[in-house]
J.: 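A single structure is presented below for examination.
None of these values were measured; they are calculated from a predicted model. The chains referred to below are lettered A, B, ... by the order of the sequence lines, with proteins before strands, and numbering in each begins at 1.
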Amino acid sequence: MARYDAGAAEPRWQAAWTEGRVFEVGDDDPRPPYYVLEMFPYPSGRIHMGHVRNYAMGDVVARTKMAQGFAVLHPMGWDAFGMPAENAAMERNSHPGTWTYDNIDAMRGQLKAMGLSFDWDREFATCDPDYYAQQQALFLDFLDADLLTRKSATVNWDPVDMTVLANEQVIDGCGWRSGAPVEKRELTQWFFRITDYAEELLAAIDTLDGWPEKVRTMQRNWIGKSHGLQMRFAIEPNGTAPDWTELEVYTTRPDTLYGMGFAAVSPEHPLAKALAGKVDGLAAFIEECRRLGTSEEALEKAEKRGFDTGLRVKHPFLDETFPVYVANFILMDYGTGAIFGCAAHDQRDLDFARKYGLKVVPVVCPPDADPATFEIGTEAYVGPGSIINSGFLDGMEIEAAKDAVARRLAADGMGEKTTNYRLRDWGLSRQRYWGCPIPVVHCPDCGIVPERKENLPVRLPDDVTFDRPGNPLERHATWKHVACPACGKDATRETDTMDTFVDSSWYFARFCSPRAETPTDRAAVDRWLPVDQYIGGIEHAILHLLYSRFFARAMVKTGHLSADAAEPFRALFTQGMVTHETYSRIVTSTEGVGREVYFSPDEITRDEDGTPRDPTGETLIVGPTIKMSKSKRNVVDPEDIIARYGADTARWFMLSDSPPERDVEWTEAGAEGAARHLQRVWRLVGEAAAKLDGDDAPATGAGALRKTTHRAIRAVTDDIAAFRFNKAVAQIYGLTNAIGGDRGQDLPALREAVETLILLMAPMTPHLAEEAWAALGHSRMVIETPWPDADPALLVDDTVTMPVQVNGKKRAEIEVAADAPKDVVEQAALAEDAVAKLLDGGSPRKVIVVPGRIVNVVL
RNA sequence: GCCCGAGUGGCGGAAUGGUAGACGCAGCGGAUUCAAAAUCCGCCGAUGGCAACAUCGUGGGGGUUCGAGUCCCCCCUCGGGCACCA
């Protein structure tokens with residue numbers, strides 16, 4: 001039998017599947033429905049190994065479920081709006097749509113070459129007017145249902161390019177293109193009222209038992225529910241802020257009120273603004289804070305700085321006043337944008353207090369410390385303890401003190417208990433062209449007027465230019481000038497478009513009825529949703545998944561989904577990244593400046609001893625193994641791999657070795673090994689087919705090969721269901737080795753083993769499986785063949801081998817009947833030479849027998 | 001900075017609190033071959049030992065347990081997220 005020729009076999013079977021329409025699924029399919037979905041890609045132009053891994057996993061799930069008798073919905077599309085298309089348009093002076101659709105064509109071809117079981121009839125791109133028309137309809141329904149609001153938000157503003165910047169376009173506080181220091185600007189923007197659902201989104205996390213615990217934890221923390229106290233401090237008048245009589249703060253630690261050392265407000269706090277013109281230097285300080293950008297990360301990492309406003313607030317229980325600072329680490333979006341600082345029991349407050357020489361009074365004493373001598377050094381104490389130095393609170397535990405403070409302040413009308421969430425409303429307005437237009441019109445008389453549904457979609461104009469920064473919709477000659485849908489007078493369209501997270505927050509629902517004239521077809525979504533298995537990168541653990549959960553609820557409220565689809569993803573799997581070694585050398589410029597230059601894996605050559613060299617023969621340094629990225633050039637192109645080894649090899653390698661949730665390193669040797677295994681299977685099939693010609697008696701008996709076969713069925717079935725693809729692969733290697741080593745004459749058992757091997761491999765290497773299946777004489781395709789069943793009778797053993805430990809160290813092994821009673825096992829263990837020797841005639845203190853597992857003799 | 005993960009042979013990794021290193025890759029030895037490729041068989045954590053075997057060994061340090069890679073506490077390193085990247 002000739003070597004397996006993937007290059008010839010793969011396109012042939014892909015054509016056979018397409019012709020048989022085996023991946024297209026209708027809504028009237030009598031089989032039980034199963035919806036498996038991989039996160040759709042951004043059409044960057046080429047698929048990368050991360051896609052190969054993601055889609056190989058989804059394909060295993062889809063094909064296994066098909067074999068197990070389900071009607072499987074397995075769609076694919078394109079997350080096609082976003083900044084890269086605009087950047088490309090600027091660089092090439094072309095249109096984002098041209099670039100995007102060209103990329104989609106290229107990537108579709110690459111995905112098809114992988115032999116994935118997608119129903120391509122359902123494909124769409126989010127930039128298709130048919131898709132965004134329905135998204136605009138959803139927006140209008142959400143507007144009606146009070147799920148949207150408009151309010152002011154801060155954006156990064158590049159004063160040179162006159163454009164809004166994304167956080168990733170702000171580098172060290174400066175615009176990425178202009179290099180100019182970034183400013184903050186306040187714009188009125190649209191927001192989804194996701195905070196109205198904070199409690200529900202939090203509570204429902206408990207029901208998501210098909211999700212990884214770490215993602216559930218991240219979402220809980222992100223929503224950040226806290227119980228605290230909203231309280232007001234009286235401001236001591238000093239003439240600088242005559243309208244301000246009190247300062248309202250939010251705290252989760254009212255028990256530390258006696259430890260107060262200062263109060264602080266955000267630079268964006270109204271009080272800070274009120275004081276800016278009155279206090280020398282404050283305006284400049286606030287201006288400096290604006291330079292930090294809008295990301296929480298930037299604020300948190302910046303050095304903690306503050307500015308004393310000169311204003312003082314009165315302590316509610318003490319006859320004392322404390323300074324009010326404007327501080328760069330106070331977030332306006334959290335609580336009231338103002339805090340009281342207790343330096344002894346909060347690290348940030350302590351750092352701040354030390355820096356500005358403010359009071360540090362410990363008020364919580366650790367259980368093992370002496371209240372008389374307990375002091376705070378450079379580390380705040382955040383643990384449990386009892387209250388000290390705190391008047392009526394002294395001696396209380398923390399929780400009791402919190403209650404006592406809350407009661408007393410409530411009685412005085414100065415504060416009340418509140419529940420607070422860290423979660424903020426979802427700002428969706430973007431000042432960009434390549435996104436879904438927000439379908440509203442601004443009328444001088446009527447205000448904000450929704451576009452009429454019959455006028456949807458509000459289409460993006462094609463005649464736009466990208467020769468300068470800023471939003472082309474804004475400067476387009478005619479596009480924004482329209483008649484008011486309400487009164488017919490001259491009005492202007494909203495020129496903002498939607499955040500691309502909106503596009504990806506409901507695409508899974510659209511796949512159920514991609515050509516419907518409404519956002520969803522209720523019969524279709526009721527049949528398919530929620531998604532049974534969702535697969536994608538861990539980087540989407542919070543935003544995309546949380547927004548989708550909100551969107552599903554909003555779609556329930558507006559009648560586009562049934563209530564039982566409020567949680568859109570029944571099960572979630574987050575896969576790791578694909579990494580590769582890096583190769584570089586330092587190139588010194590004529591000015592003597594060294595620069596690290598990277599080389600890609602297909603550019604390098606290797607010496608006998610493995611030393612890598614660049615094309616000119618210079619020695620290269622092997623750098624760290626990191627996520628494949630263009631900048632480090634450690635990218636392996638799936639197209640090259642498929643051309644060289646075939647799609648099955650790429651898929652097999654991506655699924656073997658590494659646990660799917662962890663990062664996997666692409667290595668040349670690993671790919672070779674995968675290719676070799678596929679050849680070996682092909683050879684074994686050829687040998688078996690020759691022997692088995694004409695013999696089709698059913699396998700009987702309980703020989704070793706049959707036992708191995710049925711154990712493999714059990715293990716692989718379980719491993720695939722639990723996303724342990726690497727272990728499923730190891731089991732398949734085991735079965736392959738057993739077939740290769742089989743010298744028996746039991747041909748029915750051999751046929752059973754080989755056919756089982758092919759069926760178990762089929763979800764991972766579907767082309768090879770079809771080719772082998774045909775070689776074994778089958779006329780029906782594997783894709784139409786049911787999954788094998790394990791015979792329970794072949795899974796049990798009569799005897800077990802048990803290790804015997806003495807004081808926890810293994811000293812012997814015994815072979816006993818599987819159902820042997822404990823005392824029989826104990827006797828057998830004590831009778832072992834090695835054990836008897838260590839016992840030295842004495843008797844053990846204790847013998848622990850764990851049936852079927854282990855014996856431990858304690859001396 | 002904050003939140004969430006991960007660290008086991010030369011490498012990827014396996015191990016319901018119960019024999020650490022399954023399976024694969026690389027390497028070494030052998031068979032086959034005129035030779036090579038391909039293939040097949042064997043060995044393969046470290047140290048000591050002819051061997052039987054012994055001791056050590058799961059990022060580092062403590063602890064719980066008859067027994068810890070696994071549970072608890074502290075630390076180190078690497079990765080993901082931080083609301084306008086997708």
J.: Where the side chain of A:Arg853 is defined as all heavy atoms beyond and including C-beta, which of B:A86, B:A83, B:U16 is the nearest nucleotide?
T.: B:U16
J.: Answer syn or anti for B:G9, where the cut-off is 90° from 0 on the glycosidic torsion.
T.: syn
J.: For A:Phe329, report the nucleic acid contact type (base, sugar-phosphate, nothing); a contact means any heavy atom under 4.0 Å.
T.: nothing
J.: B:A54 phosphate, OP1 or OP2: any side-chain N/O from A:Arg811 under 4.0 angstrom?
T.: yes
J.: What integer number of Å spans the P atoms of B:G10 and B:G21?
T.: 15 Å
J.: Write down the distance between NZ (A:Lys184) and P (B:C84), rounded to a whole number of angstrom.
T.: 14 Å
J.: From CE of A:Met761 over to C1' of B:G24, roughly how many Å is that when rounded to an integer?
T.: 13 Å
J.: For A:Glu379, look at atom CD and say whether over 12 heavy atoms of other residues, nucleotides or ligands are found less than 6.0 Å away.
T.: no
J.: Can a salt bridge be assigned to the pair A:Lys822 and A:Glu826 using a cut-off of 4.0 Å between side-chain N and carboxylate O?
T.: no
J.: Take atom NZ in A:Lys355; do more than 12 heavy atoms of anything else shown fall under 6.0 Å from it?
T.: yes
J.: Just checking A:Asp797: does its CG atom have more than 12 heavy atoms from other residues, nucleotides or ligands closer to it than 6.0 angstrom?
T.: yes
J.: Between A:Phe329 and A:Phe352, does the ring centroid distance fall short of 6.0 Å?
T.: yes
J.: Report the nucleotide, chosen from B:U19, B:G80, B:C56, that has the shortest atom-to-atom distance to any side-chain atom of A:Lys809.
T.: B:C56
J.: Counting Watson-Crick and G-U wobble pairs only, both distances under 3.5 Å, name the nucleotide matched with B:C28, or none.
T.: B:G42
J.: Check if the side chain of A:Arg432 and the base of B:C84 share a donor-acceptor pair of N or O atoms closer than 3.5 Å.
T.: yes
J.: Pick base, sugar-phosphate or nothing for A:Gly427, based on heavy-atom distances below 4.0 Å to the nucleic acid.
T.: sugar-phosphate
J.: Evaluate the side chain to side chain donor-acceptor pair (under 3.5 Å) criterion for residues A:Ser295 and A:Asn167: first the C-alpha distance (whole Å), next the side-chain angles of each, then the deciding distance (0.1 Å), finally the verdict.
T.: CA-CA 7 Å; A:Ser295 82; A:Asn167 283 335; 5.1 Å; no
J.: Does a nitrogen or oxygen in the side chain of A:Lys727 sit under 4.0 Å from OP1 or OP2 of B:A15?
T.: yes
J.: Taking the six-membered ring for Trp and the full ring for Phe, Tyr or His, determine whether the centres of A:Phe192 and A:Phe551 are under 6.0 Å apart.
T.: yes
J.: Examine B:A83: is either OP1 or OP2 under 4.0 Å from a nitrogen or oxygen in the side chain of A:Arg424? Give yes or no.
T.: no
J.: Supply the atom-to-atom distance A:Tyr42 OH to A:Ile104 CD1, rounded to the nearest 0.5 angstrom.
T.: 9.0 Å
J.: Which is it for A:Ile535 and A:Phe723 under the side-chain contact (heavy atoms from CB on, under 4.5 Å) test, yes or no, and what are the steps along the way?
T.: CA-CA 10 Å; A:Ile535 309 169; A:Phe723 271 77; 3.8 Å; yes
J.: Could you state the CE-P distance from A:Met498 to B:A86, rounded to the nearest angstrom?
T.: 15 Å
J.: Determine: side-chain N/O of A:Asn167 to OP1/OP2 of B:A83, distance under 4.0 Å, yes or no.
T.: yes
J.: Atom CD of A:Glu168 to atom C1' of B:A83: distance rounded to whole Å?
T.: 14 Å
J.: Are the charged groups of A:Asp333 and A:Arg424 less than 4.0 angstrom apart, N to O?
T.: yes
J.: Would you call A:Glu661 and A:Lys214 a salt bridge, taking side-chain N to carboxylate O under 4.0 Å as the test?
T.: no
J.: Atom CZ of A:Arg683 to atom C1' of B:C40: distance rounded to whole Å?
T.: 9 Å
J.: Do the side-chain N or O atoms of A:Arg676 get closer than 4.0 angstrom to the phosphate oxygens (OP1, OP2) of B:A26?
T.: yes
J.: With the threshold set at under 4.0 Å for non-hydrogen atoms, list the residues of residues 731-739 of chain A touching RNA chain B in residue-number order.
T.: A:Tyr733, A:Asn737
J.: Can you tell whether the side chains of A:Asp158 and A:Arg177 come within less than 4.0 Å, N to carboxylate O?
T.: no
J.: Identify the pairs formed between an N or O of the protein and an N or O of nucleotides 10-13 of chain B at a distance under 3.5 Å, and give each distance.
T.:
residue: B:G12; atom: O2'; partner: A:Ser658; partner atom: OG; Å: 2.8
residue: B:G12; atom: N2; partner: A:Asp657; partner atom: OD1; Å: 3.1

J.: Using a cut-off of under 3.5 Å, enumerate the N/O to N/O pairs linking the protein to nucleotides 1-4 of chain B.
T.:
residue: B:G1; atom: O2'; partner: A:Glu300; partner atom: OE1; Å: 3.3
residue: B:C3; atom: O3'; partner: A:Asn221; partner atom: ND2; Å: 2.8
residue: B:C3; atom: O2'; partner: A:Asn221; partner atom: ND2; Å: 2.7

J.: CG of A:Asp718 versus C1' of B:A15: gap in Å, rounded?
T.: 17 Å
J.: Can you tell me which nucleotide in B:G18, B:U19, B:C84 comes closest to the side chain of A:Asn856?
T.: B:G18
J.: Check the distance between B:A83's P and A:Gln219's CD and give it to me in whole angstrom.
T.: 16 Å
J.: B:A20, B:A26, B:C84: which one has an atom nearest the side-chain heavy atoms of A:Gln805?
T.: B:A20
J.: From B:G18, B:A86, B:C84, pick the nucleotide closest to the side chain of A:Met83?
T.: B:A86
J.: Measuring only the C1' atom in each nucleotide, how far is B:A68 from B:U19? A whole number of Å is fine.
T.: 14 Å
J.: Mapping A:Val729 and A:His540 onto RNA chain B by nearest heavy atom, which one lands closer to the 5' end?
T.: A:Val729
J.: Once you round it to whole Å, what is the distance between P of B:G80 and CD of A:Gln575?
T.: 14 Å
J.: Ignoring backbone atoms, test whether A:Thr500 places a side-chain nitrogen or oxygen under 4.0 Å from the OP1 or OP2 oxygen of B:A86.
T.: yes
J.: For the pair A:Arg430 and A:Asp499, find out whether any cationic side-chain nitrogen is under 4.0 Å from an anionic carboxylate oxygen.
T.: yes
J.: Any salt bridge linking A:Asp718 with A:Arg714? Criterion: basic side-chain nitrogen under 4.0 Å from a carboxylate oxygen.
T.: yes
J.: Select from A:Met802 and A:Asn156 the residue whose nearest nucleotide in RNA chain B is closer to the 5' end of that strand.
T.: A:Met802
